[in-house]
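Notes follow the structure.
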Amino acid sequence: MGLSQHDVSFRDRKSNGFCFLFAPVRSKLTNNSIFCIHCAKMLSIFKSIPTHMDYKGQKLAEQIFQGIILISAVIGFVYGLIIEQFGWTVYIVLAGFAVSCVLTLPPWPMYRKSPLSWQPVVPETSGESSQKPQESLKKKKHK
Amino acid sequence: MNTVLSRANSLFAFSLSVMAALTFGCFITTAFKDRRVPVDIHVSKVMLKNVDDFTGPRERSDLGFITFDLSADLQPIFDWNVKQLFLYLSAEYATKSNSLNQVVLWDKIVLRGENTKLNLRDMKSKYFFFDDGNGLRANKNITLMLSWNVVPNAGILPLVAGSGHVSLPFPDAYEATKSY
């Protein structure tokens with residue numbers, strides 16, 4: 001997780017990022033302003049936090065939060081109707097919201113059980129000849 | 001759904017949609033309810049004066065003073081879609097110049113959770129009962145009625161007339177306008 005890796009990705013995306021505190025560094029290659037060195041450092045820290053879920057995990061997370069919120073909505077509606085207080089309905093739905101935030105926002109291990117099996121990295125032999133087969137392999141393997 | 005922010009976004013959007021649906025459910029469970037309750041109005045004293053109305057016409061106008069008792073049980077109106085009631089007592093009468101005159105004499109806000117049993121004795125009107133001429137003197141049919149706005153959590157804002165009104169005649173002569 002070096003800094004240079006991210007710098008490359010910024011340049012690739014031709015991002016017009018800017019910084020409020022420090023003058024952005026102008027890259028000589030693209031003449032686009034990129035992030036100043038401090039922002040890039042901070043971003044690299046954020047990017048080092050894992051947020052990724054695999055595909056099955058994403059589906060599971062969506063099903064879990066929808067289920068929790070719908071169940072809490074039904075409970076809250078019935079409870080509010082019985083005690084004649086709509087405020088309690090809102091509170092119960094908010095509680096369901098908080099619970100599903102805790103359960104599905106962080107990438108818990110249960111959402112990362114079936115990672116994609118990537119092809120091993122083909123060692124870079126000599127320039128362009130190795131590039132093309134690698135790309136096509138990735139496309140094939142992609143789901 | 002592959003990053004924290006996109007998950008938070010869809011979670012928040014879904015929660016808001018569910019909340020909107022629940023609010024609509026709250027409205028629909030109370031939309032067709034009858035919010036009329038019986039009201040008992042009793043007028044104990046009527047006084048009529050003829051004074052200068054500095055806000056209205058240049059001539060002297062009729063000013064009525066009414067002392068009334070009011071009792072009603074508002075508990076059946078309240079449910080989970082009612083935040084407050086705005087009660088107002090209005091007088092309706094016909095004059096030569098207008099077939100319908102409506103004057104609000106008194107009002108009251110009843111919040112949710114407050115005492116819903118109204119039992120008021122010897123109330124004076126909050127607002128001046130001015131006619132825009134001399135239509136109050138010897139008017140035989142002045143109707144007092146209590147109506148209320150129901151302020152809901154969600155949905156329409158119904159205006160309900162309480163069942164139970166009182167009609168009273170006004171005196172034929174003015175009181176001496178010495179002190180008021």
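We name chains A, B, ... by the order of the sequence lines, and we start the count at 1 in each one.
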- Message: I'd like to know whether A/H52 forms a side-chain contact (heavy atoms from CB on, under 4.5 Å) with B/T3, so could you lay out the CA-CA distance, the side-chain angles of the two residues, the decisive distance to 0.1 Å, and finally the verdict.
- Response: CA-CA 6 Å; A/H52 179 79; B/T3 65; over 6 Å; no
- Task: Mind running side-chain contact (heavy atoms from CB on, under 4.5 Å) on A/M53 and B/N2 for me, showing each step along the way?
- Result: CA-CA 6 Å; A/M53 286 183 183; B/N2 62 332; over 6 Å; no
- Check step by step if side-chain contact (heavy atoms from CB on, under 4.5 Å) holds for A/F65 and B/S10. CA-CA 10 Å; A/F65 83 65; B/S10 51; 3.9 Å; yes
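Residues A/Y79 and B/W80 keep their aromatic ring centres 6.0 Å or farther apart.
With a 4.5 Å cut-off on non-hydrogen atoms, B/N153 touches chain A through its side chain but not through its backbone. With a threshold of 4.5 angstrom between heavy atoms, B/V4 approaches chain A through its backbone and through its side chain. Heavy atoms of B/T23 lying under 4.5 Å from chain A belong to its backbone as well as its side chain. In this structure, chain B has a heavy atom under 4.5 Å from the backbone of A/P106, while its side chain stays farther away. For A/V74, no part lies under 4.5 angstrom from a heavy atom of chain B. Contacts between A/L81 and chain B at a heavy-atom distance below 4.5 Å involve backbone atoms as well as side-chain atoms. Contacts between B/F78 and chain A at a heavy-atom distance below 4.5 Å involve the backbone alone (N, CA, C, O).
Within a 6.0 Å radius of NZ in A/K59, other residues, nucleotides and ligands contribute 12 heavy atoms or fewer. Atom NZ of B/K140 has more than 12 neighbouring heavy atoms from other residues, nucleotides or ligands inside a 6.0 Å radius. More than 12 heavy atoms of other residues, nucleotides or ligands sit less than 6.0 Å from atom NZ of B/K126. Other residues, nucleotides and ligands contribute more than 12 heavy atoms inside 6.0 Å of the OH atom of B/Y88. Other residues, nucleotides and ligands contribute at most 12 non-hydrogen atoms within 6.0 Å of the CZ atom of B/R36. In B/F128, the CZ atom is not crowded: 12 or fewer heavy atoms of neighbouring residues, nucleotides or ligands sit closer than 6.0 Å.
The two atoms that bring A/I69 and B/S15 nearest to each other are CD1-OG, 3.0 Å, heavy atoms only. The heavy-atom pair separating A/L105 from B/R7 by the smallest distance is O-NH2, 2.6 Å. Scanning both residues, A/F77 and B/C26, for their nearest heavy atoms gives CE1-N, 3.8 Å.
A continuous path of Ile, Leu, Val, Met, Phe, Trp and Tyr side chains, each step under 4.5 Å between heavy atoms, connects B/V39 with B/V82, placing both in one hydrophobic cluster. At a threshold of 4.5 Å between side-chain heavy atoms, the hydrophobic network of Ile, Leu, Val, Met, Phe, Trp and Tyr places B/Y174 and B/L136 in one connected group. Both B/L16 and B/F14 sit in one connected hydrophobic cluster of ILVMFWY residues. Membership requires side-chain heavy atoms under 4.5 Å apart, directly or through other members. Note on B/F86 and B/L74: separate hydrophobic clusters, where clusters join Ile, Leu, Val, Met, Phe, Trp and Tyr whose side-chain heavy atoms are under 4.5 Å apart, directly or indirectly. Transitive grouping of hydrophobic side chains (ILVMFWY, heavy atoms separated by less than 4.5 Å) brings B/L144 and B/V160 into a common cluster.
Taking CG from B/L11 and CD1 from A/I64, the interatomic distance works out to 11.5 Å, rounded to the nearest 0.5 Å. We find the CZ-SG distance between B/F12 and A/C101 to be 9.5 Å, quoted to the nearest 0.5 Å. Note: B/M19 CE to A/L94 CG = 4.5 Å, rounded to the nearest 0.5 Å. To the nearest 0.5 angstrom, A/E84 atom CD is 10.0 Å from B/N81 atom CG. To the nearest 0.5 Å, atom OG of residue B/S17 and atom CD of residue A/Q66 are 10.0 Å apart.
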